[in-house]
Amino acid sequence: MKTERINGERVKVMSKILIVEDEEAIADLEKDYLELSDFEVTIENTGDKGLETAMAGEFDLVILDLMLPGMDGFEVCRKIREEKNIPIIMVSAKKDDIDKIRGLGLGADDYMTKPFSKTVLVSKIRAIIRRTQQYTTSAPSIPATATCGRFTLRLGAQTVIRGEDEISLSAKEFSLLYYFVEHPETVLTKAELFTNVWKSDVTDDNTILVYIKRLRDKIEENPSKPQHLLTVWGKGYKFVP
Ligand code: CA
């Protein structure tokens, strides 16, 4: 259970979990497990509703089924990630799907195959929430803008200004670029980026590749010949402002 400061006092608040699952029996079982472990749970049965609720509410974590009527879990994950850094656990009945999810670099925080035990579910959730909160409480307050060479990052607007252009970034793109801007001219390994930006000990190379490409498409004049986000072969990446 996390704590929050209300009128100067630290009080315990339940972590809020959103379950997006079309099989009602499974959703109800997950809900029971989580409520017994002091989580507050909301269920949505379709991808579209799940996305809408995830965007509208303040959830600590989303448990997202892959096969859903309408918009599937891949799409929901991608769309949430464009806007929010909220942790996502993707679940599927097929082991093969998990490899596919990883391959797509959607930026899910963890994966589970169904059926799963209460212990595994609860411990995964606790670990992810702890990791996220450690970051949010220990991170120094980020200034409204950060400037590095030609680049200025604007936190509130979640944009980067390069010369005359103001470029919109998704939440994760912003966090990644912010990390680079804080460490200019430094070789950063994929593992270091994953630990600090994705808050995960498990480095997902495909996710990094996808996000580096997206950032290059946005901030480089010629994305195929990057001048700012450089690949350091065999080591990682370096930001040159
Ligand atoms: Ca399903």
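Here the structure is a predicted model, which means the values were calculated and not measured. Every number for a ligand or one of its atoms is a count from 1 in the order of the listing.
With ring centers used as reference points, Trp198 lies under 6.0 Å from Tyr211. Two rings, from Phe151 and His228, have their centers less than 6.0 Å apart.
For a distance bound of 3.0 Å, the N, O or S atoms of Glu23 include none lying that close to the Ca ion (ligand 1). Here Asp22 reaches the Ca ion (ligand 1): one of its N/O/S atoms is less than 3.0 Å from the metal.
The neighbour count for Lys118 NZ, taken as heavy atoms of other residues, nucleotides or ligands under 6.0 Å away, is above 12.
Side-chain atoms of Thr231 do not come within 3.5 Å of backbone N or O of Trp233 as any donor-acceptor pair.
Minimum-distance N/O/S atom of Asp65 relative to the Ca ion (ligand 1): OD2.
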